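Just so it is clear, the model here is predicted, and its values are computed rather than measured. Every chain is numbered from 1 and lettered A, B, ... according to where its sequence line falls, protein lines coming before strand lines.
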There are 2 protein chains.
Amino acid sequence: MHSFTEENYIKAIYKLLESNDETVSTNAIAERMNTKAASVTDMLKKLSAKKLVNYQKYQGVTLTAKGEKTALNIIRKHRLWEMFLVEKFNFTWDEVHDVAEQLEHIQSEKLIDELDKFLNFPKVDPHGDPIPDAKGKLHLQKSKPLSQFNIDDVCVITGVVDHSPSFLRYLDKQGFVLGNEIKIKDMADFDRSLQISVNKRASFFISNDVAKNILVIAKQI
Amino acid sequence: MHSFTEENYIKAIYKLLESNDETVSTNAIAERMNTKAASVTDMLKKLSAKKLVNYQKYQGVTLTAKGEKTALNIIRKHRLWEMFLVEKFNFTWDEVHDVAEQLEHIQSEKLIDELDKFLNFPKVDPHGDPIPDAKGKLHLQKSKPLSQFNIDDVCVITGVVDHSPSFLRYLDKQGFVLGNEIKIKDMADFDRSLQISVNKRASFFISNDVAKNILVIAKQI
DNA sequence: ATTTATTTTTAGACTTATCTAAATTTTAAT
DNA sequence: ATTAAAATTTAGATAAGTCTAAAAATAAAT
């Protein structure tokens, strides 16, 4: 089995791969884990020897299939425990994290399967984050048009419905990029036009026609 | 806070003090923890520096008040988790131990208080072992005469009602010793005499008069 | 295309917990 | 009261994970 420390590194790498892309840098890991780059290098060598990461000196890392499976299992445990604490033990969302960080390392298949059953096999946690199933599969949320969201919702751009050049040109001009975060600031009842802010920049208006053609998912924090 | 390892040592010392008495030897700890005497010595020095144990070279150890409080808190957590796993997660008693050994080290007051509440503040676990309350107090089970137990019950000798020399001489002759384990093999309806086995030795008979004068508690495994 | 700055890695040291083997102390036995 | 046996402690090593400081490699800037 893997040590707590190894598991924490794997999880950090997974999270960084999820938001950034390509490969993850030593410094990025060090920053996320409040440790020093030298320590990260040491650990990367060890994880590489265990075939959990693909690592080449100076070139950053990615997870191997085995590493990703490990990460998903830890995340599954973390999110199930968070659900449990909030739903059954009256924890608030800000209290939940530290305890779940501890609980996610408990080793017992049966414990997690029973926990899953106890919670009635939830697909997403209350953050909207998907919970991997027992096989490590993520039931990804289906994207929906931005027009179906409401004031104060925050979501992430995943694609478009209309692929016409004119629409894509429009998006480009407005600065929309895949993965950008959109917050709905206001909505006009009479024409369903939206006032939105992209990546926390200054807000602007888009028509309902545009909103219907931008695919998003609820923000995963 | 204390490391997992420190907590495990503290717990082991507590258990040994509970069954034996006086002080606990280095070798006894080593045996219980499947480790070497040299490792125990190192740890005892550390625990002593932290004022968790009273330790003098070659003289064995006892727990300080602080150490005992620590031990009781770990035991509280362990037994509450055992109850939880059995009652809510369909664990059998033999599956429970390893997982509870892990869960007992999770640090969160709120978690344990909520767990306690969730289980409706149990006083003893299904082994009959008492569960320390939030203040670390043990609600000790009161001893009862052996005559009040039934076939297949297993209990431990804690004292006697009749302190007369003739009775004590009788007990001595039969090989009864404080702390011995008694299993009731059979009971005769007509005179309530018992067939019992002491410490798993060959069984023999005692009269109801004798059984009424031996104090026991249900076995704590 | 060099030089400079940044990132990453190595080298050596420290901490916790463990071990083996040797030395010391206590206990038991003659 | 010595000697023998058992228990305990010390000394020195090892492994995991961390750190600082210096060296090496990559990326950025002139």
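Between A/Glu101 and A/Lys11, at least one side-chain N (NZ, or NE/NH1/NH2) sits under 4.0 Å from a carboxylate O, which counts as a salt bridge. Comment: A/Arg76 engages A/Asp113 in a salt bridge, judged by a side-chain N to carboxylate O separation of less than 4.0 angstrom. One finds no salt bridge joining A/Arg79 and A/Glu104 here, because no Lys/Arg side-chain nitrogen approaches an Asp/Glu carboxylate oxygen to under 4.0 Å. Looking at A/Lys117 and A/Glu114, a side-chain N of the basic residue comes within less than 4.0 Å of a carboxylate O on the acidic one, giving a salt bridge.
Note that the CG atom of A/Leu138 and the CD1 atom of A/Ile75 stand 7.5 Å from one another [nearest 0.5 Å].
Protein atom CZ of A/Phe4 is 14 Å distant from nucleotide atom P of D/dT18, rounded to whole Å. Atom-to-atom, CD of A/Glu31 to P of C/dT7 comes out at 10 Å; the value is rounded to the nearest Å. Rounded to whole Å, atom P of C/dT16 lies 16 Å from atom CG of B/Leu44. Rounded to whole angstrom, the span from the CD atom of A/Glu6 across to the C1' atom of D/dA16 amounts to 9 Å. Across the protein-nucleic acid pair, A/Gln56 atom CD and D/dA24 atom C1' stand 17 Å apart, rounded to whole Å.
Taking the centre and axis of the six-membered ring of A/Tyr55, the NZ or CZ atom of A/Lys45 falls outside the cone set by 45° and 6.0 Å. Geometrically, B/Lys88 does not engage A/Phe118 in a cation-pi contact defined by less than 6.0 Å to the ring centre and at most 45° from the axis. In this structure, A/Lys110 fails the cation-pi test against B/Phe89, since its NZ or CZ atom is not both closer than 6.0 Å to the six-membered ring centre and inside 45 degrees of the ring normal.
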What does the list of N/O pairs under 3.5 Å between the protein and nucleotides 2-4 of chain D look like, with a distance for each?
none

Short N/O separations, protein against nucleotides 18-24 of chain C, under 3.5 angstrom:
from: C/dT18; atom 1: OP2; to: B/Tyr9; atom 2: OH; distance (Å): 3.4
from: C/dC19; atom 1: OP2; to: B/Thr35; atom 2: OG1; distance (Å): 2.5
from: C/dC19; atom 1: OP2; to: B/Lys36; atom 2: N; distance (Å): 3.2
from: C/dC19; atom 1: OP2; to: B/Ser39; atom 2: OG; distance (Å): 2.4
from: C/dT20; atom 1: OP2; to: B/Lys36; atom 2: NZ; distance (Å): 3.1
from: C/dT24; atom 1: O2; to: B/Tyr58; atom 2: OH; distance (Å): 3.4

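Residues satisfying the salt bridge (Lys or Arg N to Asp or Glu O under 4.0 Å) criterion with B/Lys51, sequence neighbours excluded, are absent altogether.
Listed pair B/Asn27 / D/dA6 fails the phosphate criterion, with no side-chain N or O lying under 4.0 Å from OP1 or OP2. For D/dA24, the OP1/OP2 oxygens have no side-chain nitrogen or oxygen of A/Lys57 closer than 4.0 Å.
Comparing A/Gln59 and B/Lys45, the nucleotide of DNA chain D nearest to each residue sits closer to the 5' end for B/Lys45.
Residue-level contact check: B/Thr26 touches the backbone only, with heavy atoms under 4.0 Å from sugar-phosphate atoms and none from bases. Here B/Tyr55 lies in heavy-atom contact (under 4.0 Å) with sugar-phosphate atoms only.
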